[in-house]
Amino acid sequence: MLPTAILSVLSFRNIQSETFLAQKTFTENRENFQKELEDAFTKEQEKIFQETRASSLFLYELPKSLLEFGNAAAYKDVRGIKSIFLYNEGNLVYPDIASRRFYNTDGTANFPSKNANVQNMLGLVRLAYQNKDYNEALKYLKILEQAPRLSGFLQTDLTRSVNLLHFEILVKQKRHQEAEEYCLSILSQFLQSESIEDIPSTKFFFESAFTQILSFDDLARDKREAFWNLRNNFNRQLYHMETLSKHKELFQDLLEDEHLAKNGILFRTNEGISLLRMSSPQLSGKQVVIAEIAPDAFRARILERLKGVAQGWKNIPFSIIDEKDSILLGSIPDSSEILAQSHITSAYSWEISFYEKDMKEIRQESRQKMYLMYGLLFFSLITVILGSIFMLRFVIQEHKLLAMKANFLSSVSHELKTPLTSIKMFAEMMARGRVAKVEKVQEYSGLIGKEANRLENLIGAILNYTRMEHGTGAFKWEKLDFSVCAKKVFEAVEDIGVEKGLEFSTRFEPNAFVMGDYTALYSLAQNLIENAIKYTNAPGNITINVHNEEDHTVFSVADTGIGIASSEQKNIFNDFYRVGDEMTRSTKGSGLGLAIVKRVVETHKATISLSSKPGKGSTFIVRFRKVD
Ligand code: ADP
């Protein structure tokens with residue numbers, strides 16, 4: 001208890017200074033929080049840079065031939081980045097199909113108007129196709145395709161339609177291998193061409209061709225994988241080209257920007273697109289990466305990180321506001337002063353503000369802490385008190401038991417000694433030949449026999465008691481008639497009662513079957529009947545009754561003896577317990593009889609009840625479960 005008391009005093013003093021400390025801690029916490037937010041922002045951004053750099057490395061190693069696509073490591077998308085462009089020494093390296101278009105030619109690549117021949121040729125193709133004369137159709141298509149630009153037959157979008165028709169005829173004729181090769185040859189033409197044709201129709205041609213090739217059932221597995229990767233890479237490149245062509249000036253401008261950021265990163269937002277330029281020291285040499293930012297994903301990614309940080313600082317009022325003045329995180333309190341403010345900028349410029357905390361809130365918080373502490377203290381005090389009471393009761397009980405055992409030992413040894421002394425005395429007298437008369441010899445040997453009997457009984461009781469204490473393991477369970485058992489006991493002790501001047505009335509109803517151990521039930525009946533005899537003075541009556549009820553077999557022993565005070569009634573079943581009055585003390589006993597009775601009752605799942613009045617007598621009733 002002492003440590004708890006000391007703890008209470010210490011905690012109380014601690015709580016008192018809590019309010020003062022709370023305010024001081026708030027300032028420190030706020031500063032740490034701000035630092036953590038800024039760190040988190042920088043770190044998450046740095047992570048995006050690193051991922052972009054790693055992905056850009058893959059782009060340098062684009063495969064050269066179709067099957068290499070099958071083995072190429074998958075390009076990793078970066079969350080927050082839409083597309084990546086690579087430059088070296090000012091030249092676009094990836095996507096390379098776009099390079100000629102935008103940086104080597106003047107961009108005017110379309111061809112003059114169509115020729116009447118084209119219409120004628122297409123008419124012929126249509127006719128052959130309708131007649132299912134596919135070879136004929138292919139012949140005309142080849143003429144159209146061979147030198148379209150030189151003669152100005154076709155406009156670009158028409159070229160792709162002709163290509164698609166050619167491809168589909170090959171598919172119709174089940175010439176899959178040729179169809180694949182045809183598609184690849186158009187691709188290589190496209191990649192090598194001086195000009196980049198109309199992107200939507202090109203996209204349409206390749207998407208249709210790739211989809212059909214991928215559905216060929218005779219396509220080898222590695223080729224299918226290669227075509228799949230080729231399709232993804234190609235689509236990505238086309239998207240890049242579109243972006244480049246749309247924002248040509250912005251890209252060029254950013255590329256040539258002389259401004260050197262310390263970390264090698266430069267942001268530029270214009271024309272509805274946000275770009276990030278990465279150069280030395282992030283990259284080596286004259287390499288430059290320009291990445292298009294996916295605005296929503298980029299913001300979400302950084303915000304998630306900041307949210308994670310804010311979760312650890314629940315009690316500090318703060319807000320993060322974006323460039324459009326909308327609140328991204330936290331909230332703006334109604335009437336609090338701003339304590340500190342900082343900006344975090346990258347592609348976006350956000351403002352973090354921290355606000356004064358209400359003194360009321362601080363007080364309330366420390367009050368809550370105080371209540372919690374009091375609660376804990378109260379709880380531990382109660383635990384300690386209850387524990388002590390429990391321990392005390394345990395110690396007292398243990399002490400009582402020890403005293404009883406000691407009492408039992410001394411009374412048992414006394415009980416053993418008394419008959420032994422008599423036996424020794426009479427035996428000695430006879431041995432020395434001092435007893436001459438035959439009647440005397442008979443009387444003494446009779447006395448020796450009686451004392452030996454007493455000894456035997458006493459030892460029997462002790463043995464019985466220890467047998468019960470060791471439990472039911474030693475029992476032999478059987479179905480037996482309790483009337484027979486009780487009657488045996490009665491016949492053995494009847495003489496003692498009659499000698500004492502007591503009258504008996506008995507009833508042993510036959511077939512009072514119970515499940516039990518014969519020896520245990522015998523000692524139960526013996527102890528109850530012997531007690532009735534012991535604690536009843538003449539003239540007196542003892543009624544022994546065994547009868548059957550609906551579910552039970554009932555055994556009762558009633559006497560008109562000295563009775564038991566109600567305060568003693570619950571004690572007499574305890575081990576070694578004897579009522580401390582004159583009558584009991586003058587009667588021989590061990591205090592074990594009723595303890596044995598109680599154990600037998602418990603092990604046989606029976607019940608025992610007692611009604612008694614001092615001076616009037618006692619009745620013990622045992623109810624067993626009946627067995628048919
Ligand atoms: P003991 O060997 O002393 O008889 P028991 O355990 O049989 O031990 O009984 C415990 C005490 O209960 C006795 O000492 C006696 O005081 C009291 N007692 C038991 N049976 C009776 C009874 N039939 N009438 C009065 N007192 C009884």
Side-chain angles (χ1 to χ4, degrees), residues 400-401 403-419 453-469 486 489-490 492-494 496-497 500-506 520-545 555-602 608-622:
K400 256 191 189 164
L401 202 72
M404 274 194 216
K405 277 198 175 167
N407 190 22
F408 164 72
L409 272 182
S410 71
S411 86
V412 160
S413 37
H414 177 75
E415 292 300 324
L416 290 173
K417 238 178 162 176
T418 324
N453 268 343
R454 257 177 75 187
L455 256 184
E456 197 182 8
N457 285 342
L458 199 57
I459 291 170
I462 296 169
L463 285 179
N464 238 340
Y465 175 78
T466 41
R467 193 168 97 102
M468 299 300 157
E469 211 175 31
V489 175
F490 169 66
V493 298
E494 187 185 4
I496 309 170
K500 221 179 148 184
L502 304 175
E503 281 185 19
F504 287 95
S505 57
T506 59
L521 291 176
Y522 188 93
S523 68
L524 174 137
Q526 187 184 26
N527 278 308
L528 289 179
I529 297 172
E530 274 182 0
N531 275 354
I533 297 171
K534 272 198 305 194
Y535 300 109
T536 306
N537 294 322
N541 289 319
I542 292 171
T543 312
I544 303 168
N545 188 343
F555 168 54
S556 64
V557 181
D559 63 53
T560 54
I562 59 164
I564 305 155
S566 52
S567 58
E568 295 283 7
Q569 289 184 8
K570 66 174 190 304
N571 295 331
I572 54 171
F573 292 97
N574 289 346
D575 301 346
F576 320 121
Y577 193 87
R578 305 198 73 208
V579 174
D581 62 16
E582 192 50 42
M583 170 69 184
T584 302
R585 251 177 280 133
S586 60
T587 314
K588 293 190 168 66
S590 59
L592 280 177
L594 287 181
I596 292 173
V597 169
K598 188 178 144 205
R599 285 218 158 79
V600 175
V601 163
E602 277 166 3
I608 184 163
S609 62
L610 159 66
S611 57
S612 177
K613 260 198 183 142
K616 298 257 167 199
S618 318
T619 306
F620 288 85
I621 303 175
V622 182

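Read the numbers this way: they start at 1 and go in the same order the structure lists the ligands and their atoms. Numbers here are sequence positions counted from 1.
Residue contacts with ligand 1: Tyr577 is placed with no nitrogen or oxygen under 3.5 Å of a nitrogen or oxygen of the ligand (distance criterion only). The N/O atoms of Gly593, backbone and side chain alike, include one that comes under 3.5 Å of an N/O atom in ligand 1. For ligand 1, the polar-atom distance check against Leu594 finds a nitrogen or oxygen pair separated by under 3.5 Å.
Contacts with ligand 1 closer than 4.0 Å are made by no heavy atom of Val557, backbone or side chain. Neither the backbone nor the side chain of Glu568 comes within contact range of ligand 1; no heavy atom lies under 4.0 Å. Of the heavy atoms in Asp559, only side-chain atoms (C-beta onward) come closer than 4.0 Å to ligand 1.
If you run side-chain contact (heavy atoms from CB on, under 4.5 Å) between Leu502 and each of Asn537, Thr536, Ile496, only Thr536 comes through.
With ligand atoms numbered from 1 in the order given, ligand 1 contributes 25 (C) to contacts under 4.0 Å with heavy atoms of Ile562. Interface of Lys534 with ligand 1, defined as ligand atoms under 4.0 Å from a residue heavy atom, comprises 1 (P), 2 (O), 4 (O).
The closest approach between Gly561 and ligand 1 stays at or above 4.0 Å for every heavy atom of the residue.
More than 12 heavy atoms of other residues, nucleotides or ligands sit less than 6.0 Å from atom CD of Glu602.
Of all heavy-atom pairs between Gly563 and Ser618, the closest is CA-OG, 3.5 Å.
Counting only heavy atoms from C-beta outward, the side chains of Ile572 and Leu610 approach each other to under 4.5 Å. When side chains are defined from C-beta on, Tyr535 does not count as touching Asp559, because their heavy atoms never get closer than 4.5 Å. Counting heavy atoms from C-beta on, the side chains of Leu528 and Phe555 come closer than 4.5 Å.
To the nearest 0.5 Å, atoms OG1 (Thr619) and NZ (Lys613) are separated by 11.5 Å.
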